[in-house]
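Structure record follows, encoded as structure tokens.
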Amino acid sequence: NDLARITSQSRWLLVFFKDANKETVDACIDRLSDALQSFQVTRAISDGNMLFEIQTRLESINIVTGKMAEQVNEVYNWMKDKNAHNGQSNLVLEEMPIPIHLYGRDAVVSRIAQTLTTKPGPRVGILGAGGMGKTSVAVAVMESEIVGTKYHESHRFWVPCVGVTSPITFLQILSKSLRVSQDTGAPLKDILYSLKSTPEPRLILLDNLETAMSLPEVVSDGGRLSAEGIINQLARIPHVSIVVTIRSNTLPSDTIAWELVPLGGVAREDARAIFTSICPAAANHYALDSLLEALGYMPYAVTLMAKQAVKSFVSPDELLDEWKRSGTKTLSGDLRLKMNRSIELSVESQVMIENPNAQKLLALLSKLPSGTNQRHLKWWAQTVEHIPSAIATLNDTALITQRQEGVSSPTFFVLPVVQTYLHENLRYKSPEVGRLVIEACCRFVLDHKSSPDDREFKVHIQELDIEKTNILSILLGVNPETLLELGLAHNASVVLEAMLAFSWYQFWTKPNPDLLNHLLEVASSLNSGGEPTLRHIAEAHFCLGKLYTYIGRHNDACQSLERARNEFRKLGTPKDIVRAGESAINLSTTWWFMGKHSSTIKGLIIEAQKDLTNDTKESAFALMNLGRNYWYSGQTKVGLEMLEDARQSLEKFGCTADVVLCTLYIARCYAKLCLHTERMKVGQEALRLAKVIGIDHLIGDALWNLSCCYVCTGEYDEALEVLKEALPVAERVGRPLAIAQTLEISGFTYGMKGDSLGARLGYEQAKKSYFEMERTHQTAAGVDRCNHNLQQIEAGAELRAPMLN
């Protein structure tokens, strides 16, 4: 109001009363300032009250929110444990097996457990044939302590797939095993939802997955459905780990990077532990190892056989004999059913039934105890079509196993237990299969038949080496009855020819008389009386005589060579007469080993020469033996001259093996004449030629000669180096005399170096080898030298030198 009155005054009054007006204005300003301060205080008090009220409300809201969070967590945890994997189903499934004590699988279990606990998103496939213990290994992994630290018990799932009949039932079994609670009518989505509901690690074991993987895909309302597609969906979840067991050798996938763990048989000691844990009485039985080998060290087969031993009070040797005769029929009742069931799951699987080529290939491979490589399948399976497809099917079912993994031509073989089962299965032991196997065997042997003089000899030997176990098994199984049953009686001469050709292979590699004796039994039982059969008998006796000579059975060698000589003379053709002369020449070698007088040996050689044509390799061979006899009788220079002439003739005819032999006889002549430099030179040439043609017993002879040369010149270190190479060769060939002589020279050489321990060991082993041989002048003299030198070693006296020339 005061300000309003001043405002209404005239301009002149404002001028004259400006002081009075100023005082009035100042008073108004003071009142306005007081009022403003009062307002601000009042406003501040009001704002404080409002903030307190807001804070009180926020604290109340915070309490309510905390209670809500606790309730949400309770709901979440309830949903996590109760909803995702707490479903109920009417589907009845077997329980996961109880873990058993595993022998020989600790390293595998540990490796898989480490993979599951240390690697992100692990996918592990345990592969192998039935009976290898895949499920037992997988269960041991599931129950291992280290796996339990990462995967809670409620998040480890065992899914038995053996009852799967379609991808739909696979989903049903999977849903039941995972205890899926959600049921929207879309089982795959429900399974994936339950696994994704929380990020906790899950571990799924799909056991016997081969049942599901072999099923065709189906078309459902949701589209195409297959077991592989379902597994691919599971594998896309990062926190879900997967382990599968499958009767297969492969688990190919373009989506999942599987870590494969193939299971084969356990080690021999572990197989022994399995057997003796059930049948302790067998622990020290001599035949236990052979029985375990016949079972292929398959854990399940070993377990069942051990139970059979306990139930029937039968020893391992009796079980082994019965197993070889009757296969799975060795087992009684429930044990046999279990064994057969384990094998049938693969043999009678749908993929096998649908592939006749795989069945045929399996039948053929089951006849090959050591299997065969991919290159040689063309020989054994010439009648099988689409071999790659057949191999794939057999791999998918683990009915074949690969040996030498990673090589360019892997070896495929059928496990011994499966072989035995197939031999009793009518579908796989048909006469057609037996005929095809024998024909393929004979064809392979005859196509690789050669002598040391042939350019392809070394290659043929290597090829026959690969198949030697199969060939011997097949040929030893041939008899007149099987030839008749299989419709091969008209081809008996081909079979006999193959037996003879393989016997010569054995002669050049590791002599063994069994097949030749079997050949003589078969040929004698044929009763054909024809010229081909009689010639095979004569040739068999000739080869057998040479073979017996090499392995030190000299009396048997004499009988065989004399029989061969007579049989060839009866046949009477010019070639047979020459062969009779060769038989007499080889008989002279046997007489030499037996210590007969040189004049007697000379008479036989001269008589044999009458049957030989001049200027032939046979006459050169006779001259070589005559030269050796002159050396033997002490007429060294005459013998040397004959041997050098013989070597020139043998070289002209390309008889490389005989050239090596003749050269070694020349070296012995030089030794007797004390021409050590010349002996060393020709000895080294003999060794070079022997290694070129690759005949072990000639290599062994050349090494022995070289070691003798070094001993004669006092070069004992060099001698020992050669002897270390010579002994394994002699053992590999199986020539007792060569082994004994090598050990004796080793003992002498160690003694000359002052090593009494090495000398004693050498002489003791040499004496044992000489003593085990047929008694001749050579072996008797060897035993005497060893006994004498063992006494000399004890007395610290001078040693008697061995035969060095």
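One is the number of the first residue; the rest follow in order along the sequence. Because the structure is a prediction, the values reported are computed rather than measured.
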**OP:** For residues A538 and E567, report the shortest heavy-atom separation together with the two atoms involved.
**Re:** CB-CB, 3.5 Å

Original post:
Considering all heavy atoms of both residues, which atom of L345 and which atom of R247 are nearest to each other, and what is their separation?
Top reply: CD1-NH2, 3.2 Å

Original post:
Looking just at side-chain N and O atoms, do E467 and T372 make a donor-acceptor pair shorter than 3.5 Å?
Top reply: yes

Using a 3.5 Å cut-off and no angle test, enumerate the donor-acceptor pairs between side-chain atoms of residues 489-499 and protein atoms at least two apart in sequence or in another chain.
unit_1, atom_1, unit_2, atom_2, d
H490, ND1, G487, O, 3.3
E497, OE1, H536, NE2, 2.8
E497, OE2, K449, NZ, 2.7

Original post:
If you measure only the distance, is there a donor-acceptor pair under 3.5 Å linking the side chains of E618 and T613?
Top reply: no

Subject >> Any donor-acceptor N/O pair, T330 side chain to G327 backbone, under 3.5 Å >> reply: yes

Original post:
Between S389 and H386, is there a donor-acceptor pair closer than 3.5 Å when you use the side chain of the first and the backbone of the second?
Top reply: no

**OP:** Please determine if E322 and K329 form a salt bridge, counting it only when a charged side-chain N lies under 4.0 Å from a carboxylate O.
**Re:** no

Original post:
Heavy atoms, side chains only, cut-off 4.5 Å: are E210 and T397 in contact?
Top reply: no

Original post:
Does one side chain, of T411 or N373, offer a donor that lies under 3.5 Å from an acceptor on the other?
Top reply: no

Using atom types as modelled, flag every donor-acceptor pair under 3.5 Å from a side chain in residues 437-448 to any protein atom, sequence neighbours excluded.
unit_1, atom_1, unit_2, atom_2, d
E439, OE1, R435, NH1, 3.3
H448, ND1, F444, O, 2.7

**OP:** Decide whether E521 and S524 meet the rule of one side-chain donor and one side-chain acceptor closer than 3.5 Å.
**Re:** no

Subject >> CZ (R341) with more than 12 external heavy atoms under 6.0 Å >> reply: no

**OP:** Output every pair passing salt bridge (charged side-chain N to carboxylate O under 4.0 Å, His left out) with a member in residues 478-493, not counting sequence neighbours, ordered by first then second residue.
**Re:** none

**OP:** With sequence neighbours excluded, give me every side-chain hydrogen bond (donor to acceptor under 3.5 Å, both in side chains) pair touching residues 500-511.
**Re:** D465-Y505

**OP:** Identify the residue among R535, R565, R569 that makes a salt bridge (charged side-chain N to carboxylate O under 4.0 Å, His left out) with D576.
**Re:** R535

Subject >> Closest contact, heavy atoms only, A523 versus T533 >> reply: O-CG2, 3.7 Å

**OP:** Please say whether more than 12 non-hydrogen atoms of neighbouring residues, nucleotides or ligands are located less than 6.0 Å from NZ in K652.
**Re:** yes

**OP:** Decide if atom NZ of K429 counts as having more than 12 heavy atoms of other residues, nucleotides or ligands within a radius under 6.0 Å.
**Re:** yes

Original post:
Just by distance, with hydrogens left out, do T590 and T549 show a side-chain donor and acceptor under 3.5 Å apart?
Top reply: yes

Original post:
Nearest heavy-atom pair of V478 and H518: which atoms, and what distance?
Top reply: O-NE2, 2.6 Å

**OP:** Measure the shortest side-chain to side-chain distance between Y300 and M132 over non-hydrogen atoms and say whether it is less than 4.5 angstrom.
**Re:** no

Original post:
Between D334 and K311, is the closest basic N to carboxylate O distance under 4.0 Å?
Top reply: yes

Residues 577-587, side-chain donor-acceptor partners within the protein, below 3.5 Å, at least two apart:
unit_1, atom_1, unit_2, atom_2, d
R579, NE, E539, OE1, 3.3
R579, NE, E539, OE2, 3.2
R579, NH1, E582, OE1, 3.3
R579, NH1, E582, OE2, 3.1
R579, NH2, E539, OE1, 3.1
S583, OG, R579, O, 2.9
N586, OD1, K546, NZ, 2.9
N586, ND2, E582, O, 2.8

Original post:
Do P513 and Y548 come within less than 4.5 Å of each other through their side chains, counting heavy atoms only?
Top reply: yes

Original post:
Looking at T250 and D396, what are the two nearest heavy atoms and their distance?
Top reply: OG1-OD1, 3.5 Å

Subject >> Evaluation steps, side-chain hydrogen bond (donor to acceptor under 3.5 Å, both in side chains), between N479 and S525 >> reply: CA-CA 9 Å; N479 55 52; S525 301; over 6 Å; no

**OP:** Kindly write out the residues that satisfy ring-ring contact (aromatic ring centres under 6.0 Å, His included) with Y428, not counting sequence neighbours, or none if the list is empty.
**Re:** none

Original post:
Out of V414, L422, N470, which residue meets the side chain to side chain contact (heavy atoms under 4.5 Å, CB included) rule with L365?
Top reply: V414

